[in-house]
Student: 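The following block contains the structure, expressed as structure tokens.
Along the sequence shown, residues are numbered consecutively beginning with 1. Quick note: numbers below take in every heavy atom, side chains included, and nothing from hydrogens, waters or symmetry partners.
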Amino acid sequence: GQKSDESLFATLPVDTAEVSTPKPQWNQTKGPEGGDVNNLFVASNGDVYARSNAELYRLTDDRSTWIPANTDVSIKGYWQMAEHEDTLYIVSDTETLASVDRGETWSVQGARPEGELIGTVITDEALYLGLVDGVFRSVDAGKSWTSLNDGNLADKEIRAITAIENTVFVGTDKGLYRYRSEGWTQLRVGETGNIRALTSAEHRLYVAVGNDVQHKMFSMTISISSTS
């Protein structure tokens, strides 16, 4: 019969000796009001943002209360936040917005390509948009977009997108791909091409692969050339 889903991460053995461990301290904040919180985002300056339906909230500096952060614009549908240098970006179902004042005001950059949003990554060179059916690139902060879909991504479903420095990686239902100036190149990982999840930290890429009932976790160190 079918095996049940296996965890992506194995557990480490624990010493049987009793160890006194301090209990974590949690402080409940006030709000956000108006709906369920379905996403959190932490900016490089320490600001914490919470998404609740069409509203965006920012945690006050004293970490006690959530305040509205997008009172000048309504963001409908599924959307994600990203950050580059001192600018926050929101990619919604239909457009890209930017804020340079901690989310107090937002400017519409332009419409985005149509399609189901998978993820957004920003490098020093461009903003990349991962949709289920393709990847797009913007070098003007979301005002215009160029398709990066070549023959290597044809008939593939995008599952995840991430970047290490200026090199972009996407996981698909038929393999892992790396984007450079010459286009997409497939990277071999594991025994199956079905990429379930993808993320990166420093110069290490983490890839979860597997079919519907069994998963495995891989990692690889990526060497980034200055000419990439």
Student: If you take all heavy atoms of Ser200 and Ala163, which pair is closest and at what distance?
Tutor: OG-O, 3.0 Å
Student: Looking only at heavy atoms, which two atoms of Leu129 and Pro113 are closest? And how far apart?
Tutor: CD2-CD, 3.7 Å
Student: List the steps, then state whether side chain to side chain contact (heavy atoms under 4.5 Å, CB included) holds for Leu88 with Met81.
Tutor: CA-CA 7 Å; Leu88 295 172; Met81 285 189 69; 4.1 Å; yes
Student: As a quick check of understanding, evaluate side chain to side chain contact (heavy atoms under 4.5 Å, CB included) for Ile161 and Tyr128, giving each step before the final call.
Tutor: CA-CA 9 Å; Ile161 183 170; Tyr128 293 86; 4.2 Å; yes
Student: Ignoring hydrogens and geometry, is there a side-chain-to-backbone donor-acceptor pair from Arg112 to Gly142 under 3.5 Å?
Tutor: no
Student: Starting at CD1 of Ile195, measure out to NZ of Lys174 and round the result to the nearest 0.5 Å.
Tutor: 12.5 Å
Student: Work out which heavy atom in Leu117 is nearest to a heavy atom in Val91; give both atom names and the distance.
Tutor: CD2-O, 3.7 Å
Student: Contact between Leu205 and Leu176 at the side-chain level, heavy atoms closer than 4.5 Å - yes or no?
Tutor: yes
Student: Quick one: does Asp124's side chain have a donor or acceptor within less than 3.5 Å of a partner on Glu165's backbone?
Tutor: no
Student: Measuring only between side-chain heavy atoms, which start at C-beta, is Ile158 closer than 4.5 Å to Leu131?
Tutor: no
Student: Checking Thr162 side chain against Leu198 main chain: does a donor-acceptor pair fall under 3.5 Å?
Tutor: no
Student: Could you walk me through whether Thr167 and Arg178 pass the side chain to side chain contact (heavy atoms under 4.5 Å, CB included) test, one step at a time?
Tutor: CA-CA 7 Å; Thr167 302; Arg178 176 184 62 201; 3.4 Å; yes
Student: Does a side-chain heavy-atom distance below 4.5 Å link Thr172 with Glu157?
Tutor: no
Student: Measuring from atom CD of Gln109 to atom OG1 of Thr96, what distance do you get when rounded to the nearest 0.5 angstrom?
Tutor: 7.5 Å
Student: When you compare the side chain of Ile90 with that of Glu95, does any pair of heavy atoms fall below 4.5 Å?
Tutor: no
Student: A side-chain contact here means heavy atoms from C-beta on lying under 4.5 Å apart; do Val121 and Leu127 qualify?
Tutor: no
Student: Can you tell me how far the CG atom of Asp133 sits from the OG atom of Ser147, to the nearest 0.5 Å?
Tutor: 9.0 Å
Student: Specify the closest pair of heavy atoms between Trp184 and Tyr177, including all atoms of both residues, with the distance to one decimal.
Tutor: CE3-CB, 3.8 Å
Student: Heavy atoms, side chains only, cut-off 4.5 Å: are Glu125 and Arg137 in contact?
Tutor: yes
Student: If you draw a 6.0 Å radius around CG in Asp86, do more than 12 non-hydrogen atoms from other residues or ligands fall strictly inside?
Tutor: no
Student: Is there a path of hydrophobic side-chain contacts, each under 4.5 Å between heavy atoms, that joins Leu187 and Val209?
Tutor: yes
Student: Before giving the answer on side chain to side chain contact (heavy atoms under 4.5 Å, CB included), spell out for Trp106 and Leu56 the whole-Å C-alpha distance, their side-chain angles and the decisive distance to 0.1 Å.
Tutor: CA-CA 11 Å; Trp106 293 86; Leu56 179 68; 3.6 Å; yes
Student: Is there a donor in the side chain of Tyr49 and an acceptor in the side chain of Arg58, or the other way round, less than 3.5 Å apart?
Tutor: no
Student: Say you draw a straight line from OH of Tyr57 to CD1 of Ile67; how long is it, rounded to the nearest 0.5 Å?
Tutor: 11.0 Å
Student: Hey, are the side chains of Val170 and Lys156 touching, using non-hydrogen atoms and a 4.5 Å cut-off?
Tutor: no
Student: Under a 3.5 Å distance rule, please check whether Glu83 uses its side chain to pair with a backbone N or O of Ile122 as donor and acceptor.
Tutor: no
Student: Check whether more than 12 heavy atoms from other residues, nucleotides or ligands sit under 6.0 Å from atom CG of Asp155, and answer yes or no.
Tutor: no
Student: Among all residues two or more places apart in sequence or in another chain, which pass the side chain to side chain donor-acceptor pair (under 3.5 Å) test with Glu116?
Tutor: none
Student: Count the heavy atoms of every other residue, nucleotide or ligand shown that sit under 6.0 Å from CD of Glu202, and state whether that count exceeds 12.
Tutor: no
Student: Under a single-linkage definition using a 4.5 Å side-chain heavy-atom cutoff for Ile, Leu, Val, Met, Phe, Trp and Tyr, are Val42 and Leu40 assigned to the same hydrophobic cluster?
Tutor: yes
Student: Of all heavy-atom pairs between Gly134 and Asn149, which one has the smallest distance, and what is that distance?
Tutor: CA-OD1, 3.1 Å
Student: What is the minimum heavy-atom distance between Thr105 and Ser99, and which atoms define it?
Tutor: O-OG, 2.8 Å
Student: Any non-hydrogen side-chain atom of Phe169 less than 4.5 Å from a side-chain atom of Ile164?
Tutor: yes
Student: Any link between Tyr78 and Trp145 through a network of hydrophobic side chains (Ile, Leu, Val, Met, Phe, Trp, Tyr) touching at under 4.5 Å?
Tutor: yes
